[in-house]
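Worksheet for the structure shown next.
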Amino acid sequence: DAGVIQSPRHEVTEMGQEVTLRCKPISGHNSLFWYRQTMMRGLELLIYFNNNVPIDDSGMPEDRFSAKMPNASFSTLKIQPSEPRDSAVYFCASSLGRMGAKNIQYFGAGTRLSVL
Amino acid sequence: DQQVKQNSPSLSVQEGRISILNCDYTNSMFDYFLWYKKYPAEGPTFLISISSIKDKNEDGRFTVFLNKSAKHLSLHIVPSQPGDSAVYFCAAFSSNTGKLIFGQGTTLQVKP
């Protein structure tokens, strides 16, 4: 299994530009999570989907952030417009189920975003 | 409001000795606690977990201890190896929300 695949691995953009991060979960997993890692706040959950439906987006910082999961094998996290404070590493994770910690979350390698 | 805290940003131990990583939490409703390990330029990987109804879980060199009354858990690595050098995240899971809440992470360095 290829694991969770994220693209791009690195993204450098200028303030005000639109940024789209992509994620392909592990085949057969029905829950998908987007996290952001910063020095100040550590790893924080932004949004998660179950069976392609957004379940909890309370971690999404602002309306500039949006996420979609059009099908079971693809999700995007979009920032429009981007700001320097959005600079962070963004992780996508997937798991077999929603409830129960025994449904271990498997993480992608992350996208390092730098907004200049 | 940090529900899961790892108060030690870093830890350095000698190869062969014990590494003890600590984690505190505030929400008594958490059902499971997990430890993830992260190498540079990679995503976190699951290491070991413990249910809130247990006080110890062991897997090879890794043991997690849970003290519910103190809202504290710890990860013991014995013996420590240089390959264990990584960032370790403590995480707590709530069945009510379906969310995993992570601590800030502790960077472990095991010296040969």
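All values reported here derive from a predicted model rather than from experimental measurement. So that the names make sense, note that chain A is the first sequence line, chain B the second, and so on, each numbered from 1.
For residues 63-95 of chain A, there are no ring-ring contact (aromatic ring centres under 6.0 Å, His included) pairs, not counting sequence neighbours.
Residues of residues 108-116 of chain A lying under 4.5 angstrom from chain B, judged on non-hydrogen atoms, are A:Gly108, A:Ala109 in numerical order.
In A:Arg41, the CZ atom is not crowded: 12 or fewer heavy atoms of neighbouring residues, nucleotides or ligands sit closer than 6.0 Å. A 6.0 Å sphere centred on CD of B:Gln81 holds more than 12 heavy atoms belonging to other residues, nucleotides or ligands. Heavy-atom neighbours of A:Asp63 CG from other residues, nucleotides or ligands within 6.0 Å: at or below the threshold of 12.
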What's the verdict on side-chain contact (heavy atoms from CB on, under 4.5 Å) for B:Leu100 and A:Phe33, showing C-alpha distance, side-chain angles and the deciding distance?
CA-CA 10 Å; B:Leu100 204 53; A:Phe33 309 81; over 6 Å; no
Could you go step by step and tell me if A:Leu43 and B:Ile101 meet the side-chain contact (heavy atoms from CB on, under 4.5 Å) rule?
CA-CA 8 Å; A:Leu43 259 174; B:Ile101 307 296; over 6 Å; no
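By the 4.5 Å heavy-atom criterion applied to side chains, A:Tyr48 and B:Thr97 are not counted as neighbours. Contact annotation: the side chain of A:Gln37 never approaches that of B:Gln104 to less than 4.5 Å [non-hydrogen atoms, C-beta and beyond].
With values rounded to the nearest 0.5 angstrom, B:Phe93 atom CZ is found 10.0 Å from A:Ile104 atom CD1.
Side-chain heavy atoms closer than 4.5 Å link hydrophobic residues (I, L, V, M, F, W, Y) into clusters, and following such links, possibly through other members, connects B:Val64 to B:Leu108. Note on A:Leu45 and A:Met60: separate hydrophobic clusters, where clusters join Ile, Leu, Val, Met, Phe, Trp and Tyr whose side-chain heavy atoms are under 4.5 Å apart, directly or indirectly. One hydrophobic cluster holds both B:Val13 and B:Trp35 under the rule that ILVMFWY side chains link at heavy-atom gaps under 4.5 Å.
Residues meeting the side-chain contact (heavy atoms from CB on, under 4.5 Å) test with B:Asn7, sequence neighbours left out: B:Lys5, B:Asp24. Legend: residues meeting salt bridge (charged side-chain N to carboxylate O under 4.0 Å, His left out) with A:Asp56, ordered by chain and number and at least two apart, are B:Lys99.
Side-chain rings of A:Phe107 and B:Phe46 stay apart, their centers remaining 6.0 Å or farther from each other.
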